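Since we're looking at a predicted model, the values are computed, not measured.
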Amino acid sequence: MNEKKLGFGFMRLPLLDENDEASIDIEQTKKMVDVFLERGFTYFDTAWMYCGFRSENAIKEALTDRYPRDRYTIATKLHADFLKSKEDRDAIFYQQLEKTGAQYFDYYLLHDAGRDLYKIYTEMDCFRWLAEKKEQGLIKHIGFSCHDNAEMVDRVFTEHPEMEFVLLQINYLDWENDGIQSRKCYETAVKHGKDVIVMEPVKGGTLARVPEEVERMFKECHPDWSVPSWGIRFAASLEHVKVVLSGMSSLDQMLDNTGYMAEFTPMTEKEIAIVEKAVDLINANITVACTGCSYCTGGCPENIPIPKYFSLYNADLQETKEKIWLPQNQYYARLAKTFGKASDCIECGQCEQICPQQLPIIQYLKDVAKHFEK
């Protein structure tokens with residue numbers, strides 16, 4: 001993979017109309033692409049449905065039509081929701097080649113191989129199909145992205161060791177989140193000896209707008225560091241992370257990110273300690289003060305993973321309102337396929353009797369159900 005750790009995500013591009021995600025500002029995108037390449041970065045990430053299905057077209061207009069093929073690397077993805085038959089695999093793939101003008105893909109991913117979509121990818125024989133495309137020289141590296149737990153990451157790599165890398169949601173706020181399991185997923189990939197690419201290092205902008213106390217602490221340590229840079233630096237400091245994707249939507253963001261990532265050095269122990277304190281401060285304002293001890297789950301008659309649901313609920317409430325898609329919904333839906341839903345609670349009360357924090361769990365589960373099951 002490329003030596004520099006920053007990748008340009010074509011998911012949150014500058015728009016001409018903020019209410020129309022397909023109205024990409026191509027001229028500004030071209031300027032951003034120029035800066036990205038001039039500063040020595042090469043990795044571009046897109047997908048079939050990004051920006052109202054126009055992201056791959058934007059890659060062609062801003063990048064492949066304007067630069068020789070050896071100047072950049074392109075990653076794109078196939079999503080199971082668009083597969084109704086095996087013939088759809090090739091139909092989409094060759095449209096992607098045409099839309100991007102890429103000639104071949106450096107990295108190609110099965111998009112979000114969680115337990116439900118993994119079943120579709122398996123039924124559609126997508127793993128063998130991917131390997132064939134690699135043999136034909138149309139793909140250089142094959143992998144998958146995952147919004148699921150570490151057990152699922154382990155399953156995919158165990159059943160398909162031919163997968164070379166995984167794209168994971170990793171940021172300092174989700175690192176120890178019991179529902180998202182960023183650290184556990186990362187460690188699972190490392191255990192399998194696989195490369196890790198990072199998505200959502202700033203949680204789609206959430207970590208660009210931290211509480212004032214956290215921002216003050218960041219600025220006291222490094223007055224010249226932007227607040228969102230702490231999220232990208234944290235992810236890039238992980239030894240086995242090869243690329244950190246940033247969905248940049250303005251030239252200013254591009255200049256900032258490429259500025260400090262051009263000669264990137266990993267965070268020091270002091271800086272990591274500040275990040276950990278920032279997480280505590282951010283989480284101090286969470287809605288449900290669950291510590292994740294799991295005392296409540298052992299005797300739950302409906303097998304509800306209460307702490308995991310509370311983690312996802314807290315994480316979702318911390319998101320910025322401007323985000324188009326929130327991943328916590330996906331994590332919740334997948335947990336609910338294996339465990340009881342929050343709405344399955346029969347209000348027996350055993351969880352509240354044993355909770356060390358004496359939380360009103362029954363009411364919180366109603367809140368979670370209303371939030372995620374609407």
Side-chain angles (χ1 to χ4, degrees), residues 4-9 11-12 14 32 35-36 39 41 168-183 185-186 196-287 289 291 311 314-323 326-328:
K4 293 186 182 295
K5 278 195 166 185
L6 179 68
F8 188 175
M11 180 180 177
R12 298 183 179 95
M32 294 167 67
V35 170
F36 193 71
R39 296 190 172 187
F41 299 90
L168 297 172
Q169 176 169 320
I170 296 178
N171 57 71
Y172 61 75
L173 196 58
D174 292 333
W175 187 241
E176 296 292 352
N177 185 293
D178 192 40
I180 297 171
Q181 299 189 349
S182 287
R183 177 180 59 80
C185 288
Y186 168 78
V196 175
I197 302 174
V198 171
M199 58 180 155
E200 302 291 343
V202 194
K203 283 182 74 70
T206 297
L207 299 183
R209 303 177 186 88
V210 295
E212 290 183 9
E213 187 176 0
V214 174
E215 182 172 0
R216 184 167 57 250
M217 184 172 61
F218 283 167
K219 291 299 183 182
E220 286 175 356
C221 180
H222 288 292
D224 57 329
W225 285 18
S226 67
V227 170
S229 79
W230 284 81
I232 293 175
R233 293 174 198 267
F234 171 83
S237 296
L238 297 169
E239 181 182 358
H240 298 279
V241 165
K242 300 302 179 183
V243 180
V244 178
L245 300 178
S246 178
M248 294 169 275
S249 55
S250 72
L251 185 57
D252 286 343
Q253 292 176 7
M254 174 63 71
L255 292 170
D256 180 35
N257 287 345
T258 54
Y260 63 80
M261 288 298 290
E263 301 296 335
F264 174 76
T265 55
M267 279 184 162
T268 64
E269 291 184 6
K270 176 185 175 182
E271 291 158 356
I272 292 293
I274 290 174
V275 166
E276 292 173 348
K277 185 176 180 181
V279 171
D280 290 338
L281 289 170
I282 295 171
N283 284 335
N285 297 313
I286 62 176
T287 303
T291 63
S311 291
N314 286 330
D316 211 53
L317 293 180
Q318 291 169 333
E319 297 277 20
T320 59
K321 295 180 180 179
E322 293 82 4
K323 288 183 68 173
L326 302 176
Q328 287 78 223

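- The closest side-chain heavy-atom distance from Leu238 to Val196 is not below 4.5 Å.
- Contact of the Leu281 side chain with the Met217 side chain is registered, since non-hydrogen atoms from C-beta on lie closer than 4.5 Å.
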Derivation and outcome, side chain to side chain contact (heavy atoms under 4.5 Å, CB included), residues Val202 and Ser246: CA-CA 8 Å; Val202 194; Ser246 178; 5.7 Å; no

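- Asp174 places no side-chain N or O within 3.5 Å of a backbone atom of Asn177 that could act as its donor or acceptor partner.
- Note on Glu200 versus Arg12: salt bridge recorded, some NZ/NE/NH1/NH2 to OD/OE distance being below 4.0 Å.
- The shortest side-chain heavy-atom distance between Val214 and Ile282 falls under the 4.5 Å cut-off.
- Environment of NZ in Lys219: crowded, with over 12 heavy atoms of neighbouring residues, nucleotides or ligands closer than 6.0 Å.
- You'll find the side chain of Arg233 stays beyond 4.5 Å of the side chain of Val244, heavy atoms only.
- From Asn257, atom CG reaches atom CZ of Arg39 across 10.0 Å, with rounding to the nearest 0.5 Å.
- Between Trp230 and Phe218, the ring planes are parallel. Angles under 30° get that label, and only those over 60° would be called perpendicular.
- Aromatic ring pairs are classed by plane angle as parallel below 30°, tilted from 30° to 60° and perpendicular above 60°; the pair Trp175 and Phe234 is perpendicular.
- Here the OH-CD1 distance, from Tyr172 to Ile274, works out to 11.5 Å after rounding to the nearest 0.5 Å.
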